[in-house]
Structure formats: C-alpha cells, structure tokens
Amino acid sequence: MTDVTSDAAATRPRRSPLHGRHTALGAKFALFGGWEMPLEYAGGGVLKEHTAVRTGVGVFDVSHLGKARVVGPGAADFVNACLSNDLGRIGPGQAQYTLCCDDATGGVVDDIIAYLHAEDHVFLIPNAANTAEVVRRLRAAAPQGLVVTDEHEAYAVLAVQGPRSAELLGALGLPTDHGYMSFRAATLAGADLVVCRTGYTGELGYELVVPAEHAVAVWDAIFAAGEAYELRACGLAARDTLRTEMGYPLHGQDLSPEITPVQARSGWAVGWDKPAFWGRDVLRAEKAAGPARTLRGLEAVDRAIPRPGMPVYAGDTQVGTVTSGTFSPTRKQGIALALLDTSAALADGDTVEVDIRGRRAPMRLTRPPFVTPSVR
C-alpha cells in the first residue's frame with residue numbers, strides 16, 4: 001500500500017530558511033535544483049534588481065547551493081587528485097573555482113567553489129541539483145581516514161553584491177578588505193559565519209556562509225543596515241542576467257556531462273600538469289586534438305533576444321545551438337553563449353543567424369564578457 005503522505009513529503013521542494021522573509025517581500029518563486037527559491041520580488045522585478053547590483057548593492061539568497069566538507073589527513077591532496085583545478089596554487093583562507101569531471105568522458109558533472117581551510121579541511125559549494133552526486137563520487141574515491149559529509153541544509157548562503165557591498169558589510173563590522181577568492185571568519189547577529197570574497201555577478205561582492213538556524217537574524221541585520229545604502233533584495237532571475245553578461249557558464253546549459261571544459265573554454269580551471277584528476281587523460285587528448293565545438297559569445301545586431309536551445313546558422317548550415325541567452329539590461333540588447341562547431345571556422349566579428357521561432361536574427365560573434373568586470 002502506498003503511503004501518499006510520505007511520497008508527497010519526499011517530492012516536496014526544499015525551502016530556504018529565509019522562505020518567510022521572501023514571502024513577506026512579495027517574491028515570485030520558482031524551482032532551482034529541487035529548491036523553491038525567489039525568482040524576483042514585487043516592486044522591482046528583474047531590471048531593477050539587475051541595476052541595483054550593477055550600480056549599488058543587492059542581496060541574493062542562494063541557500064539552494066550545495067555544501068559539502070572533506071576532512072581528514074590529506075584532505076586537500078585528495079580533493080586535488082579528484083577535481084580539475086590545481087588546489088596547490090592557493091593556500092589556507094583562499095577559494096578556487098574548479099570542476100568535477102567524469103573520468104571516462106571528461107564531461108562536467110558539476111562546477112564547484114572549493115574553500116581551502118587547511119591541508120586536512122576543504123569546504124565545497126557545488127550546485128544544488130548535483131550536490132548528492134558530487135558527494136557520492138568523492139565518498140566512493142575517499143581513502144580510509146577521510147570523511148566526506150553532505151551539509152546541504154546545514155547552511156544558508158547570502159550573496160551581497162555590487163559596488164557598495166563593501167560599505168554595507170563594513171558598516172556591520174564584517175571584514176571586507178581581503179582579496180578576491182579569499183575568505184575570513186566573522187560574527188554577525190550572534191552567528192559565527194564565513195565572509196567569502198566571491199560571487200556570480202561580475203561585481204565587487206561577498207558571499208556569507210551562515211548556519212541555517214541564524215540565517216533570519218543575519219538577513220535582518222543586513223537589511224537594517226542596508227536601508228542607508230538602498231539595498232534591494234534580488235532574485236535568481238537577475239542573477240542569471242548578471243552572470244550571462246559576464247559570460248559565466250551555468251551548469252546544465254553551458255557546462256554539463258555532455259560538455260567538457262575544453263569545449264566550454266574553461267581550460268583555465270584545469271590543472272593540466274597535475275599528475276591526476278578525474279577526466280585527465282580524455283581531456284588532455286581532446287585539448288591536443290582540438291575540440292569539435294566551442295562556447296562562443298553572441299550579441300544581437302537588431303532587437304532580437306536569443307534563448308537557450310535556439311539553433312545557430314551560418315548561411316544554410318546549422319553550426320551550433322544557443323546554450324544561454326537573454327536580454328542584457330546593461331547593454332540593452334540580446335546576448336548569448338552558444339556551442340558552435342569549430343569546423344565552421346568562425347571568427348570574432350563574424351555574423352551568424354539565430355532561428356528565433358522561425359525568424360533568422362543576425363548575431364555578431366564576440367568574446368565574453370559582455371560588460372567590464374568589477375570583481376576586484
């Protein structure tokens with residue numbers, strides 16, 4: 001006999017510990033990796049939220065992002081032998097963008113930020129939908145003495161982003177002078193938290209990793225201080241337009257188990273000279289031979305707005321597919337990332353066409369980012 005109540009509970013979306021605060025702000029919700037998260041808020045919408053981050057300061061609840069921890073003797077060396085980037089390039093108190101690749105295909109299982117606390121302690125933030133798989137793979141490979149824990153719901157993550165983010169957090173007594181891709185321990189509203197100089201918007205910004213039980217108190221403290229800085233709550237729709245303007249890849253679209261870092265032009269996040277990492281042999285072979293397709297930037301020549309899945313043509317030949325596409329509030333034009341066949345021999349500045357519901361719209365090839373980054 002089926003237990004309907006248990007089945008419903010098992011399929012119910014997860015919610016951030018800040019869900020009540022989002023509801024009070026009139027948030028429109030959507031599912032992200034099994035989590036019900038704010039898409040945008042009443043009284044502003046995507047354009048105002050996007051602009052707030054580019055010109056002032058906005059805060060995102062990104063608690064749906066995964067959290068995992070690897071602890072034990074040689075934890076850093078173990079993670080380094082699994083994930084793509086070279087963890088040996090950074091030291092304790094620093095973070096690194098890296099990839100979990102499939103060993104057989106080289107496809108990207110997930111992209112991750114690794115926080116190196118010590119040689120025996122690495123904290124990982126993968127994507128929501130992929131956390132369990134990343135943890136499974138790490139656990140399966142971990143030698144005796146190493147512990148890999150899934151802490152997905154144990155922490156909230158708040159991203160305070162924008163040119164005034166340091167002023168706001170400084171007014172709260174939080175550290176803000178540490179370098180890009182580094183982190184510091186701090187206390188706010190009775191909570192011990194970590195202030196990371198990271199983000200996904202291309203602006204000066206910080207991500208606060210907060211124990212879930214203290215998330216509401218920290219959120220309230222940020223908003224109490226944020227009134228003087230015209231702080232705006234921002235949803236994940238604005239986060240998507242911001243990251244697309246920067247050309248930052250989104251897993252599941254621009255990176256995936258079917259798209260390798262070589263194809264996605266993410267080779268900068270691969271420690272090519274490391275003796276071991278998942279997918280090393282197949283990726284080195286693909287790099288040497290040259291990929292069959294690569295991720296390119298497109299900007300609309302007219303008022304067209306490209307969307308994921310739309311085919312890209314050079315003349316009468318389909319040469320690729322849009323992976324991410326949106327209207328750029330900063331550029332006031334359509335922009336996109338697209339996987340294009342290298343055999344088409346297209347160069348930046350060339351014009352291709354995107355099929356938008358049966359109409360061919362001209363797009364110019366360009367190299368992202370589409371806006372000037374201000375992360376540093």
Side-chain angles (χ1 to χ4, degrees), residues 16 18 22 27 30 32-33 37-41 44-65 95-97 111-113 115 125-128 156-170 174 176 178-183 194-209 219 222-223 226 229-255 266 269 297 324-333 335-337 368-376:
S16 160
L18 294 162
H22 303 317
F32 292 86
M37 298 298 293
L39 186 66
E40 60 181 86
Y41 294 88
V46 177
L47 293 181
K48 287 188 177 180
E49 293 168 17
H50 181 109
T51 301
V53 174
R54 288 281 182 247
T55 63
V57 60
V59 60
F60 302 81
D61 177 9
V62 290
S63 300
H64 65 303
L65 294 177
Q96 184 181 73
Y97 179 80
D111 58 340
I112 297 167
I113 302 291
Y115 295 89
I125 297 191
N127 286 290
V157 182
L158 304 182
V160 182
Q161 302 281 298
R164 302 196 72 187
S165 57
E167 292 179 68
L168 169 56
L169 295 186
L174 294 177
T176 60
H178 45 300
Y180 182 54
M181 297 298 286
S182 66
F183 59 95
V194 176
V195 181
C196 309
R197 227 344 229 104
T198 51
Y200 196 49
T201 66
E203 294 294 335
L204 171 69
Y206 304 82
E207 291 178 309
L208 312 183
V209 181
W219 175 272
I222 290 171
F223 269 87
Y229 302 92
E230 299 181 342
L231 174 70
R232 183 178 288 274
C234 300
L236 298 185
R239 189 169 180 258
D240 191 60
T241 57
L242 289 158
R243 70 93 190 168
T244 305
E245 286 188 341
M246 286 303 302
Y248 291 159
L250 176 65
H251 192 273
Q253 293 181 196
D254 314 297
L255 295 165
S266 296
S324 287
T326 190
F327 173 76
S328 164
T330 304
R331 293 280 299 271
K332 303 294 190 294
Q333 69 180 141
I335 59 172
L337 299 174
F370 300 96
V371 299
T372 303
S374 302
V375 294
R376 299 178 191 278

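Index from 1, following the sequence.
Across all non-hydrogen atoms, the minimal contact from Ser328 to Ile335 is CB-CD1, 3.8 Å. Across all their heavy atoms, Lys332 and Pro329 have their closest contact at NZ-O, 2.6 Å. When all heavy atoms are compared, the tightest approach of Pro38 to Ala27 is CB-CB, 4.1 Å. Looking at every heavy atom in both residues, Val53 comes nearest to Cys234 through CG2-SG, 3.9 Å. Among all heavy-atom pairs drawn from Glu207 and Ala159, the shortest one is CG-CB, 3.9 Å. Arg197 and Val375 get closest at one heavy-atom pair: NH2-O, 2.6 Å.
You'll find the side chain of Met181 stays beyond 4.5 Å of the side chain of Cys196, heavy atoms only. You'll find the side chain of Ser374 stays beyond 4.5 Å of the side chain of Leu204, heavy atoms only. Annotation: side chain of Lys48 is in contact with side chain of Arg232 (closest heavy-atom distance under 4.5 Å). For the pair Leu250/Leu255, no side-chain contact is recorded, criterion being any heavy-atom separation below 4.5 Å from C-beta on. Two residues are said to be in side-chain contact when any heavy atoms from C-beta on lie closer than 4.5 Å; Val62 and His64 meet this criterion. The side-chain heavy atoms of Met246 and Val371, taken from C-beta on, include a pair separated by under 4.5 Å. Between Val157 and Phe60 there is no side-chain heavy-atom pair separated by less than 4.5 Å. Residues Met37 and Asp61 meet the side-chain proximity criterion, which asks for heavy atoms closer than 4.5 Å.
Note on ring orientation: taking the six-membered ring where Trp is involved, the planes of His22 and Trp219 are perpendicular (angle over 60°, cut-offs 30° and 60°).
In this structure, CZ on Phe32 lies 13.5 Å from OG on Ser63, to the nearest 0.5 angstrom. Once rounded to the nearest 0.5 Å, the distance linking CD1 of Ile125 with CD1 of Ile112 reads 10.5 Å. Atom OG1 in Thr55 sits 8.5 Å away from atom CD in Glu230 (nearest 0.5 Å). To the nearest 0.5 angstrom, Asp240 atom CG is 14.0 Å from Tyr248 atom OH. Here CG of Leu39 is found 12.5 Å from CZ of Arg239. Values are rounded to the nearest 0.5 Å.
Electrostatic pairing of Arg243 and Asp254 counts as a salt bridge here, judged by a charged N lying under 4.0 Å from a carboxylate O. For the pair Glu245 and Arg54, the salt-bridge criterion is met [side-chain N within less than 4.0 Å of a carboxylate O].
Side chain of Glu49 to main chain of Tyr41: a donor-acceptor pair is present (N/O by atom type, distance under 3.5 Å, no hydrogens or angles). Side-chain atoms of Tyr206 come within 3.5 Å of backbone N or O of Thr176 as a donor-acceptor pair. Remark: the backbone N or O of Thr241 is not paired with any side-chain donor or acceptor of Thr244 at under 3.5 angstrom.
Checking each of Val209, Val195, Val194 against Phe183 for a side chain to side chain contact (heavy atoms under 4.5 Å, CB included) leaves exactly one that passes, namely Val194.
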Exercise for review: Start with the C-alpha gap between Leu168 and Leu174, add the side-chain angles, then the distance that decides, and say whether side chain to side chain contact (heavy atoms under 4.5 Å, CB included) holds.
Suggested key: CA-CA 9 Å; Leu168 169 56; Leu174 294 177; over 6 Å; no
Check your understanding: Could you walk me through whether Thr198 and Tyr115 pass the side chain to side chain contact (heavy atoms under 4.5 Å, CB included) check?
Key -> CA-CA 11 Å; Thr198 51; Tyr115 295 89; 3.4 Å; yes
Practice item. I would like to know whether Tyr200 and Leu242 meet side chain to side chain contact (heavy atoms under 4.5 Å, CB included); could you show each step before the answer? Key: CA-CA 8 Å; Tyr200 196 49; Leu242 289 158; over 6 Å; no
Check your understanding: Can you check side chain to side chain contact (heavy atoms under 4.5 Å, CB included) on Phe223 and Leu231, steps first, answer last?
Key -> CA-CA 7 Å; Phe223 269 87; Leu231 174 70; 3.9 Å; yes
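Among residues at least two apart or in separate chains, side chain to side chain donor-acceptor pair (under 3.5 Å) pairs with a member in residues 159-169 are Gln161-Thr201, Arg164-Glu167.
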